[in-house]
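The residues of the chain are indexed from 1 along the displayed sequence.
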Amino acid sequence: MKRFLFSFGLLACWFGMLAQCPGLTPTTLPFTEDFESYTGAVLPSANDSTFNCSPTYKWDFRSEQGFSQLSFTSTAHTGSQSAVMDVTSSINLDTGYTTLTINLSSYTASTNDVVLSFYYRENGDETHPEDKVWIRGSSTDSWIEILDWNAAGNGSTWTLGRFVINNILATNSQSLSATTQIRWGQTDDYPWGSDGFAFDDVSIEEVTCGAPSAIAATNVGSSSLDLNWTTGGASAWQISYDTTGMAVGNNITNVTGTLPFTVTGLEQGVTYDFYVRDSCAVGDVGFWTGPYSVTMSCAGYTALYSNNFDAQAASQEATCWAQYATYSSAYAEVRAGGSPRSGNQQLSMYSSFANAANDTVIAISPQFTDIATGDKQLRFFAKTSDLVNDLIIGTIATPSPTATFNGIDTITFNSVNTYEEIIIELTTANGYNGTDEYVVLGHSLGSTYDYIYIDDFNYEVIPACKKPLSFTLNGVTDSTATIGFDSRGNGNYEYMFGPVNFNQATATVYSTSNNPIVVDSLYANYTYEIYVGNNCGANGTSVWSGPFTFTTECAPFSMFTTDFESDALDQVPDCWDFYETYSSAWIEVEDYGTAYGG
């Protein structure tokens, strides 16, 4: 008879493939299994393989065709391991079953609920009929389906499954017994990493405190809501809530008295998950019911509003923003790709195949309720993947693509994939109509499959002393640089400069009324940074604008030798220039081939 070795804790036990456990003795609940004590894998078999034979319960695994397996991996809900059902290779489709048999005869006549709980997740598994979980009162009863992995659709997120099994059995004319069974099934043709299901933290408990039901929210505003539910029998409860995806148990609040209960201090536009449980006595609480998800309404913002889009859900509209695209795969939403200016996300406006005259890709800001005072500005950073694209900026009265658009500015970009700071004053002098409360950012759709990215977006009061913008290098020699900028109406300036990443705290600050600024006494063939600010007298000084980076020219040589060893690879050598008539020709320093020296 074939055998396999399975290590359980510090004890190595041999089981025959058809091994049978002796009669199980009654279990005293709670029962828990976290799979931390197991190592290796339960090898495929066309028969039941008992891999844990305890006095009150046993675990079995069966592979229908001999290709499925049960392994214990580091993908865990808690601890370091979970149970994973998949196949040994990617060439065969097979179904595996993991079964827990447990003696629950002591609870057959119990008036309390007996609750089965476990966490589960998938790994991109395809839909198959046997991707399910079942229970039955005894080993001779019919199986009752309690969970369809496919319908749950939880993806790679651990999800809690909880089932009042005595009620489920009673509804199907079954009851708890000495051979009550729970079975996890899974059909697969790829190992974990491509397919498969995992489950962890299995528990069976007798519950003396009931569970609430019918959670509902009313009077949902921008910062508060009324939460109601049907009690499981208690007159006191606990609620737990946080943003979507929370671990249940956060922000626990004790509730007594008349329902509904008003929850305050919430953020507008944010989606929250709520859980509720009965509290029957000190230390006697029921199971959590939930999550019940609610999205708070958007009531509008006043300056200062800042958003770097890092706290937003990816591949969705930013909180309290809206998007509109006439082409199905175009979008204006939060994405992680494209090298954000700060953090790990930005607002991405993608044209896809949209570029016809009637196509549109726009992002609509939240409502800014104090914009009509005429003293606000937008300050953000933008870049494009192609210089044929412009960023169109304007306002609308309502967050609808059919609202009348009031254009304010069109931004042309200076370089590809380089963030540029954009400041747009929302004043009547600059084209704002004085009444609209929503800002529109539009993709000009200069070409297909192109991006415009927005990051570090600010809606703010126009400062009393405005910062300069739009640096230009008007001229450079081996010892001087002439740098112009948009002073934005001011005539006195401060500036500081130094090597790249110089210490601004200890740098010398110079004052001037000249624009452009001439910086002299520089080293030849050297890269510098410069910062410029406005000095507005009684209105103080602006924040620094910069850094603007420039490199001085090489000084003339009376004698020149080089072996190119100190020059950067894949670039033109220092102080050399080149001319090419064919696009794919080049002159640069390389380290392949045969060098004369070095």
**Report entry** Note, F31 side chain near L100 side chain (heavy atom, < 4.5 Å)
**Finding:** yes
Requested in this report: Run the ring-centre check on Y453 versus Y419 and record whether the distance is less than 6.0 Å.
Outcome: no
Query raised in the report: Judged by atom type as modelled, is there a donor-acceptor pair below 3.5 Å linking the side chain of E317 to the main-chain atoms of Q323?
Result: yes
Report summary line: The ring pair (Phe, Tyr, Trp, His ring centres under 6.0 Å) partners of Y305 (sequence neighbours excluded) come to Y301, F368
Requested in this report: State, with a plain yes or no, whether a side-chain heavy atom of W321 is found less than 4.5 Å away from one of E333.
Outcome: no
Query raised in the report: Could you state the interatomic distance from CD1 (I392) to NE2 (H443), rounded to the nearest 0.5 Å?
Result: 9.5 Å
Requested in this report: May I ask you to check whether T326 and D359 show a side-chain donor-acceptor distance below 3.5 Å?
Outcome: yes
Report task. Taking the side chain as every heavy atom from C-beta outward, state whether V84 and S71 have any atom pair closer than 4.5 Å. Result -> yes
**Report entry** Under 3.5 Å: donor-acceptor pair, side chain of W149, backbone of G185
**Finding:** yes
Query raised in the report: Can you tell if the side chain of K376 reaches within under 4.5 Å of the side chain of Y432, non-hydrogen atoms only?
Result: no
**Report entry** Short side-chain donor-acceptor distance under 3.5 Å, D370 and T373
**Finding:** no
Report task. Determine yes or no for a side-chain-to-main-chain donor-acceptor pair under 3.5 angstrom, with D113 supplying the side chain and V115 the backbone. Result -> no
**Report entry** N52 and S54: side chain donor to acceptor below 3.5 Å
**Finding:** yes
Requested in this report: Quick one: do I411 and I424 satisfy side chain to side chain contact (heavy atoms under 4.5 Å, CB included)? Show the steps, please.
Outcome: CA-CA 10 Å; I411 304 301; I424 303 295; 4.1 Å; yes
Report task. Using the side chain to side chain contact (heavy atoms under 4.5 Å, CB included) rule, take N112 and V207 through it: C-alpha gap first, then chi angles, then the decisive distance, then the call. Result -> CA-CA 6 Å; N112 297 321; V207 180; 5.9 Å; no
Query - Residue pair I422 / L378, side-chain heavy-atom distance below 4.5 Å - result: no
Report task. Report yes or no: do T402 and S400 form a side-chain donor-acceptor pair below 3.5 Å? Result -> yes
Query raised in the report: Sequence neighbours excluded, which residues qualify as side-chain contact (heavy atoms from CB on, under 4.5 Å) partners of T127?
Result: N150
Requested in this report: Could you note down all residue pairs passing side-chain hydrogen bond (donor to acceptor under 3.5 Å, both in side chains) where residues 215-224 supplies at least one of them, sequence neighbours left out?
Outcome: N219-D226
**Report entry** M85 and F199: CA distance, side-chain angles, deciding distance, side chain to side chain contact (heavy atoms under 4.5 Å, CB included) verdict
**Finding:** CA-CA 9 Å; M85 300 173 65; F199 60 100; 3.8 Å; yes
Query raised in the report: So do the side chains of V263 and Y272 get within less than 4.5 Å of each other, counting heavy atoms only?
Result: no
Query raised in the report: Taking the six-membered ring for Trp, is the centroid-to-centroid distance between W229 and F274 below 6.0 Å?
Result: no
Report task. Could you walk me through whether K467 and E421 pass side chain to side chain contact (heavy atoms under 4.5 Å, CB included), step by step? Result -> CA-CA 11 Å; K467 65 183 292 186; E421 187 174 26; 2.8 Å; yes
Report summary line: The ring pair (Phe, Tyr, Trp, His ring centres under 6.0 Å) partners of Y350 (sequence neighbours excluded) come to Y331, Y451
Report task. Step through the shown structure and confirm whether more than 12 heavy atoms of other residues, nucleotides or ligands are within 6.0 Å of CD on E145. Result -> yes
Query - Y38: which of W59, F61, F72 passes ring pair (Phe, Tyr, Trp, His ring centres under 6.0 Å) - result: F72
Query raised in the report: Short question: side chain of N344, backbone of P340 - any donor-acceptor pair under 3.5 Å?
Result: no
Query raised in the report: Side chain of D436, backbone of Y438: donor and acceptor closer than 3.5 Å?
Result: no
Requested in this report: Using salt bridge (Lys or Arg N to Asp or Glu O under 4.0 Å) as the criterion, list what pairs up with R341, not counting sequence neighbours.
Outcome: D456
Query - Minimum heavy-atom distance N307-A318, with the two atoms named - result: ND2-CB, 4.5 Å
Query raised in the report: If you look at every heavy atom in Q345 and F309, which pair is closest and at what distance?
Result: NE2-O, 2.7 Å
Query raised in the report: Going by atom types alone, do Q186 and D188 pair a side-chain donor with an acceptor below 3.5 Å?
Result: yes
Query raised in the report: For the atom pair CG (D141) and CG (N172), what is the distance rounded to the nearest 0.5 Å?
Result: 9.5 Å
Requested in this report: Check the side chains of N458 and S306 for a donor-acceptor pair under 3.5 angstrom, ignoring hydrogens and angles.
Outcome: yes
Query raised in the report: Nearest 0.5 Å, what's the OG1-CD distance between T75 and Q81?
Result: 10.5 Å
Requested in this report: Starting at OG1 of T398, measure out to CD of E437 and round the result to the nearest 0.5 Å.
Outcome: 10.5 Å
Query raised in the report: To the nearest 0.5 Å, what is the distance between CD (Q181) and OG1 (T101)?
Result: 3.5 Å
Query raised in the report: What's the verdict on salt bridge (Lys or Arg N to Asp or Glu O under 4.0 Å) for R62 and D60, showing C-alpha distance, side-chain angles and the deciding distance?
Result: CA-CA 7 Å; R62 178 180 180 178; D60 297 289; over 6 Å; no
Query - From OG1 (T243) to CG (L266), nearest 0.5 Å - result: 11.0 Å
Query raised in the report: Are any side-chain N or O atoms of D131 and backbone N or O atoms of T187, one a donor and one an acceptor, separated by less than 3.5 Å?
Result: yes
Requested in this report: Verify whether the ring centers belonging to F197 and W184 lie closer than 6.0 Å.
Outcome: no
Requested in this report: Please answer whether the main-chain N or O of S142 pairs with a side-chain N or O of Q174 as donor and acceptor at a distance below 3.5 Å.
Outcome: yes
Query raised in the report: Do T319 and Q312 have side-chain atoms, one donor and one acceptor, less than 3.5 Å apart?
Result: yes
Query raised in the report: Do the non-hydrogen side-chain atoms of Y292 and V276 ever get within less than 4.5 Å of each other?
Result: no
Query raised in the report: When you measure from the side chain of T180 to the backbone N and O of G137, does any donor-acceptor pair fall under 3.5 Å?
Result: yes
Query raised in the report: Can you check whether Y119 reaches L160 side chain to side chain, under 4.5 Å on heavy atoms?
Result: yes
Query - T289 side-chain N/O to P212 backbone N/O, donor-acceptor pair under 3.5 Å - result: yes
Query raised in the report: Of the non-hydrogen atoms in A234 and D278, which two are nearest, and what is the gap between them?
Result: N-OD2, 3.2 Å
**Report entry** Stepwise side-chain hydrogen bond (donor to acceptor under 3.5 Å, both in side chains) check, D284 with T208
**Finding:** CA-CA 8 Å; D284 185 12; T208 59; 3.1 Å; yes
Requested in this report: Output, in order, the C-alpha distance, side-chain angles, deciding distance and verdict of side-chain hydrogen bond (donor to acceptor under 3.5 Å, both in side chains) for S80 and E36.
Outcome: CA-CA 7 Å; S80 59; E36 296 297 311; 2.8 Å; yes
Report task. Only counting residues at least two apart or in another chain, list the ones meeting ring pair (Phe, Tyr, Trp, His ring centres under 6.0 Å) with F261. Result -> none
Query - Given I364, I362, I393, the one that forms side chain to side chain contact (heavy atoms under 4.5 Å, CB included) with L441 - result: I393
Requested in this report: Return the orientation label for the F380 and F457 ring planes: parallel under 30°, perpendicular over 60°, tilted otherwise.
Outcome: parallel
Query raised in the report: Is it true that a side-chain atom of K383 and a backbone atom of G338 form a donor plus acceptor pair closer than 3.5 Å?
Result: yes
